[in-house]
4 protein chains.
Amino acid sequence: MASDFGRFLHVSIFGESHGRAIGVVLDNLPAGEELDEAALRAFLNRRKPQPEGGLSTKRREDDVPIFLSGVLEGKTTGSPLSAVIENKDARSLDYEALRDVPRPSHADYAAYKKWNGNADMRGGGHFSGRLTAPLCIAGGIAKQILARRGIHIGAHLSSVAGIQDERFNLLPTQELFEHIAEKSFPVIDDACGERMQQAIRAAAEEGDSVGGTIECVAVGLPAGLGSPMFEGVENRLAAALFGIPAVRGIEFGDGFAAAGQYGSEHNDPFIINAEGGVATKKNSAGGINGGITNGMPLVVSVAIKPTPSIGKPQRSVSLSRGEETELRIQGRHDPCVAHRAVPVVEAVCALVILDLYLEEYGNGHK
Amino acid sequence: MASDFGRFLHVSIFGESHGRAIGVVLDNLPAGEELDEAALRAFLNRRKPQPEGGLSTKRREDDVPIFLSGVLEGKTTGSPLSAVIENKDARSLDYEALRDVPRPSHADYAAYKKWNGNADMRGGGHFSGRLTAPLCIAGGIAKQILARRGIHIGAHLSSVAGIQDERFNLLPTQELFEHIAEKSFPVIDDACGERMQQAIRAAAEEGDSVGGTIECVAVGLPAGLGSPMFEGVENRLAAALFGIPAVRGIEFGDGFAAAGQYGSEHNDPFIINAEGGVATKKNSAGGINGGITNGMPLVVSVAIKPTPSIGKPQRSVSLSRGEETELRIQGRHDPCVAHRAVPVVEAVCALVILDLYLEEYGNGHK
Amino acid sequence: MASDFGRFLHVSIFGESHGRAIGVVLDNLPAGEELDEAALRAFLNRRKPQPEGGLSTKRREDDVPIFLSGVLEGKTTGSPLSAVIENKDARSLDYEALRDVPRPSHADYAAYKKWNGNADMRGGGHFSGRLTAPLCIAGGIAKQILARRGIHIGAHLSSVAGIQDERFNLLPTQELFEHIAEKSFPVIDDACGERMQQAIRAAAEEGDSVGGTIECVAVGLPAGLGSPMFEGVENRLAAALFGIPAVRGIEFGDGFAAAGQYGSEHNDPFIINAEGGVATKKNSAGGINGGITNGMPLVVSVAIKPTPSIGKPQRSVSLSRGEETELRIQGRHDPCVAHRAVPVVEAVCALVILDLYLEEYGNGHK
Amino acid sequence: MASDFGRFLHVSIFGESHGRAIGVVLDNLPAGEELDEAALRAFLNRRKPQPEGGLSTKRREDDVPIFLSGVLEGKTTGSPLSAVIENKDARSLDYEALRDVPRPSHADYAAYKKWNGNADMRGGGHFSGRLTAPLCIAGGIAKQILARRGIHIGAHLSSVAGIQDERFNLLPTQELFEHIAEKSFPVIDDACGERMQQAIRAAAEEGDSVGGTIECVAVGLPAGLGSPMFEGVENRLAAALFGIPAVRGIEFGDGFAAAGQYGSEHNDPFIINAEGGVATKKNSAGGINGGITNGMPLVVSVAIKPTPSIGKPQRSVSLSRGEETELRIQGRHDPCVAHRAVPVVEAVCALVILDLYLEEYGNGHK
């Protein structure tokens, strides 16, 4: 394992779905940063299950962070910030039967092999999507700190079950990000979002699930963050983003589509923009050249697989008996997690960008 | 910058395209491992430019590694292995004019901003694809060490300019990997490879370039390598693979396609295989569940953008004059780098997998 | 900041003296290790203040760890283990006056400069010796895991205020370690310990404080742990041990005395021991050659400075007025922390040795 | 192994005493820093053997660094700087006989156990003091960069064989550092140095060796570098300094002497200095409180053991025969390495301080 990341800004996540609490330690935050708890709570609510519309699990999660350290009188102190969320609504009985029969495309079997059967896999254990809640606490704080430096991060659900939302335009604004963040379903085009929701509900009715993609953009980045080779912006974002459960792919700018383009089509011509600065006419590079920001918006997309927990019967094996068997997963599941993952992707991007920023500009007293 | 990676096995790359030498330091290798220099040379030849067929730059690279340390009487000693390649055929004059006018979608401008004009960008400098040669020295050694542990890694060019090769089947063999490695153009289906080469030559004639995708597979992996969250197999592979110049996207198993699938379609049912072991019936997960290997082949694909250096005139800006201008790139360029990147992807995968393996099984004397 | 350490086994400490809670996250522990909570409680009690004898602060600390994650049914699960201790007996009023006038040889002024006055310095904040409690939780667990692998760690107070205890002999036993651990004052020679306690009480009566040294030994180590140069046993132990507040020096084997010896005096002749194995006749090297264990007991000593909080009036400055002033520190202080630091040194050594062990032998399922 | 260190500034050392070359890679250096090669050469000369006075080995080392990358037109480029020194005067025959009989207090036996006999131990291999030459290349560059930021580092031989030099005074100057650096024997008091040299020559005549201590000071440091707990100035300096062969102990400020002091004696009263700033009246803390610089000179001392290679016969064992035997070490040895280690200690301190500095103030373009 290592459930931590960050070169300068260290993020460490702990907890299991059905354990006593989940939490995060965030080390090397700048000191003296105001913590807007109401804004943080609003951010956390964006990843909460929304059982009303039939889009999410019926498990109730309140996700109220309790700050244990690192904050005094509403400001960061410079020492490690830690926060926990207590687990309350955990019905472990639902999962007891699964111990012997691993759920397809879950971590059950791999974890069983790795930890010789000792892992706490109740409710998915440490692999549960629930662990993204402390990640959002950390990321929500990072977003506030970045905003004070003119850097804003937004994301939307760019597709569900093959239904595509609009893409962000060349220079999206902070206002657009906030507008999407206030929506109950985070898309640019609401008509499109309506069709996505129908697809999710239809899958749920069949005892099935669907996946989706998320497009995330950061604006206001200075040119020059990141590095060539192994500490580039892509390397570090990818290393962290694959920590979100169910992510199967990551691409920057035109991503996989670039593989089918001509150089003359893919290359971004440099221009002098309206403010007299250097910019590019389009942004196939997603704001990154050679691992380094070029001052254009950073654009990253992630693919979220369909939720592996489905109601339909599946084929699996009994580990104790060494034979194949049928599995029916009981309990409460999300027919789609992609929409709930939108703020999580923002959170991870915010943490990595803040890490890159602090590395370049220092964390220092002046 | 940091041009190094690895938790346990440290890989550090140095050099610039037109500097004195390029090289690699590889720390924490197991001791007593035989180094088959002939096999390593053959591996390095796979990424060499092949000017004959019109598929590559005319720059001649001999890429003979000189071992400075860490090897004695043909075996690794346990101390840091270092190797350098001297740069010989560097014609810096070709690039002198580019200092003021950054090449679109190259690192020129980003590097200029990051290092205040001090970067050595002759021939792409430290950003050059030439830096993948020392990476292949390290990776070629890792491949030999893994093979002794029953782990084999193979890759092919899965598409160029939209032309698709076959995909690897569910359980590809070491023999297939070797068969592809011996081809001058690394595809499974040679008819398909022929069409790809035509597309590359056609682009070259237009002064243009094309991109492609590479599929890489590792077989023989034990279940249980990797970790949940941020040190998972995907996280670490992605963090290293994005260090290869021109990579724009990375996906595991079904990757982005998974976002459009149903759970019942994507999930991999567990089965008892012919040897009586636990396996999966198909491999949409690419051999990884929850960041941990499940014993099935690891499948990763990367998208390579078209070479940014093209002969066609392009729009750019003069940094000194602050105005737009036209740029014509002179010099020798690859109309496609995707086919040459195939062994590089193998090399990086080998290094990361060896790192994960050593972490799990130890590097120890027994 | 970074309040974390460890290459393979990650230890992250958080909390402030007068905050809500202090705690630790321990990532990459082997799975399936039994957690003997009674033994852990006994270990933690060794660093508790003992106000009865006049040797410690009157602050009461119960230090009951609450495990939030990573433990199930008394065994480690493989996912991050986290534990917190709630802060109860914190009287912040005592410290309120100190904000403007930094205490000599405390971190007050340095922290003020580093975090622009934002640090939470109540009770010493994150710099407080109280943070060694979560360190002992982690270290106590590491000690249990090491003991199962035949590695035992013991320590004693080797001097206080210049009064010297005996040194450990060449091959100390686990029984001796346990015998010392059960004493209320951790020395080998109790008569000597009595004189040390008198010195501490005498200093306390004067409103003054004293320092001391601690000798720590690990037995049962295999030869071959550690590395030359920067990841040697000394490097990693020192990097962690200087994390204990008040440590001013660290030495291995004969340490500083070696600087005054002849080579013929310092060198440890190799012998064949009673079991037919290779050993050394004496142990001036403290069990380490070239950064690597040689199979002899590892011997490390640390110097603990006198507690900086003293009752006597001291000279300091008013930061707001920019002038010198007299300071009288109120509140409860330890006249000596060296005796309480004995288990802390054991804890840190256990964590580093377990880290080195796992790196060499792997953390893997077999 | 890991022969690399540094959080932000990565230093990686490679090579063996009798291999083809030794070298260093230095990643994350600021760009645009002038490299004064003459000054660097002068710095490297300070650690060269001086066979004339009978104080050093007769092995001739020219130690001319060849820069392979990271420097262009005399300035750092921002990409990894690498430099190698070719090995020329290596007489491996001298050491061939030692393979079976490990030298007491050398790494021979520990390395044999760790790497199963595969280590290249000719001339001490990777453990050789010769590896401090590339360390001095890196450190010499760091010294030049720090000097431009007003930070100066100096060191002297504070004792040899028990003969004590003067200590640095409270506020040593850059001029004093340069004065000592120009001496052929690096002490403050030359009369004292004369007696030290006599002691070294006397030991040499007996076929024996002596140790010593080195005091190193850094002036001009801003307050606020470093961190509490595990990333403090002491932690990071110690972690790197123990990478110098033969270091047995490290202390800061009053160090081990502090363990025998009263708090009222050890504490450093704050004062307003002549410039109106906050300072301390004395510097028992060695410029560090709570792991963080307080603006006073940083003071660190290291203990160097006597050279383990001595001419006198010693007891050892034959590994192949499993029996005790007598060993007579042939070849050329230093009767003392402490005086040659003075610039090495400066080099390591410079690298760690630059790392801390870049972390606090950033490496960024402005």
Side-chain angles (χ1 to χ4, degrees), chain A residues 1-3 5 104-105 107 109-110 113-114 126-127 162 208-209 211-213 223-224 227-231 234-235 238-239 242-243 248-252 255-256 258-264 266-272 278 285 289-290 292 294 303 305-308 310 312 315-317 324, chain B residues 1-3 5 102 104-105 107 109-110 113-114 126-127 162 208-209 211-213 223-224 227-231 234-235 238-239 242-243 248-252 255-256 258-264 266-270 272 278 285 289-290 292 294 303 305-308 310 312 315-317 324:
Chain A
M1 184 144 329
S3 298
F5 71 99
S105 295
Y109 175 70
K113 293 293 282 184
K114 186 174 188 77
H126 188 63
F127 296 84
D208 214 329
S209 64
T213 56
S227 300
M229 303 214 80
F230 308 111
E231 296 285 334
E234 300 104 322
N235 306 257
F242 274 115
R248 295 278 78 200
I250 292 177
E251 58 182 12
F252 294 88
F256 275 86
Q261 298 171 349
Y262 287 103
S264 57
H266 182 76
N267 286 358
D268 298 323
F270 285 108
I271 57 168
I272 302 296
V278 175
N289 296 137
I292 302 173
N294 64 11
K305 71 173 184 176
T307 326
I310 56 175
K312 285 187 172 177
R315 298 301 300 171
S316 184
V317 297
E324 300 186 6
Chain B
M1 185 141 329
S3 298
F5 71 98
S105 296
Y109 175 69
K113 293 292 282 183
K114 185 173 190 79
H126 188 63
F127 297 84
D208 213 331
S209 64
T213 56
S227 299
M229 304 212 80
F230 308 112
E231 297 285 335
E234 300 104 322
N235 308 256
F242 274 115
R248 295 277 76 200
I250 292 177
E251 58 182 11
F252 294 88
F256 274 86
Q261 298 170 348
Y262 287 102
S264 57
H266 182 76
N267 287 357
D268 298 323
F270 285 107
I272 302 297
V278 175
N289 296 136
I292 302 171
N294 64 11
K305 71 172 184 175
T307 326
I310 56 175
K312 287 189 171 177
R315 299 299 301 170
S316 184
V317 297
E324 300 186 5

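Values in this document were obtained by computation on a predicted structure and should not be read as measured data. Below, chains carry the letters A, B, ... as their sequence lines are ordered, and counting in each starts from 1.
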Looking at the rings of Phe242(B) and Phe252(A), which for Trp means the six-membered one, are their centres under 6.0 Å apart?
yes
What part of Ser264(A) gets within 4.5 angstrom of chain B, counting heavy atoms only: side chain, backbone, both, or neither?
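Both backbone and side chain of Ser264(A) come within 4.5 Å of chain B.
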With a 4.5 angstrom heavy-atom cut-off, which part of Lys312(A) approaches chain B: side chain, backbone, both or neither?
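Only the side chain of Lys312(A) comes within 4.5 Å of chain B.
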Find the distance between [atom1] ([X]) and [atom2] ([Y]) and round it off to the nearest 0.5 Å.
X	Y	atom1	atom2	result
Glu324(A)	Phe270(B)	CD	CZ	11.5 Å
Ser209(B)	His266(A)	OG	NE2	9.5 Å
Glu231(B)	Ser3(A)	CD	OG	9.0 Å

Between [options], which residue shows the highest count of heavy-atom pairs closer than 4.5 Å to chain A?
options	answer
Ile272(B), Val278(B), Ile292(B)	Ile272(B)
Gly263(B), Gly255(B), Gly290(B)	Gly263(B)
Ser316(B), Ala285(B), Gly162(B)	Ser316(B)

Using the test salt bridge (Lys or Arg N to Asp or Glu O under 4.0 Å), find all partners of Glu234(A) that sit at least two apart in sequence or belong to another chain.
Arg248(B)
Any side-chain to backbone donor/acceptor pair from [X] onto [Y]? Under 3.5 Å, distance only.
X	Y	answer
Asn235(A)	Gly243(B)	yes
Asp208(A)	Tyr262(B)	no
Asn289(A)	Ala110(B)	no

Using side-chain heavy atoms (C-beta onward) and a distance below 4.5 Å, is Arg315(B) in contact with Ile271(A)?
no
Counting C-beta onward and ignoring hydrogens, is there a side-chain heavy-atom pair between Glu251(B) and Phe256(A) closer than 4.5 Å?
yes
Just to verify, what does Asp268(B) make a side chain to side chain donor-acceptor pair (under 3.5 Å) with, not counting sequence neighbours?
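Lys282(B).
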Looking only at heavy atoms, what is the nearest atom pair of Ala239(A) and Ala239(B), with distance?
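Heavy atoms of Ala239(A) and Ala239(B) come nearest at CB-CB, 3.8 Å.
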Which atom names give the shortest non-hydrogen contact between Gly224(A) and Lys114(B), and what distance separates them?
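Heavy atoms only, the tightest pair is O-NZ, 2.8 Å.
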With a 4.5 angstrom heavy-atom cut-off, could you sort out which part of Thr307(B) is near chain A: side chain, backbone, both or neither?
backbone
Looking at chain B, which one of Gly260(A), Ala238(A), Gly212(A) has the largest number of heavy-atom pairs inside 4.5 Å, strictly under?
Gly212(A)
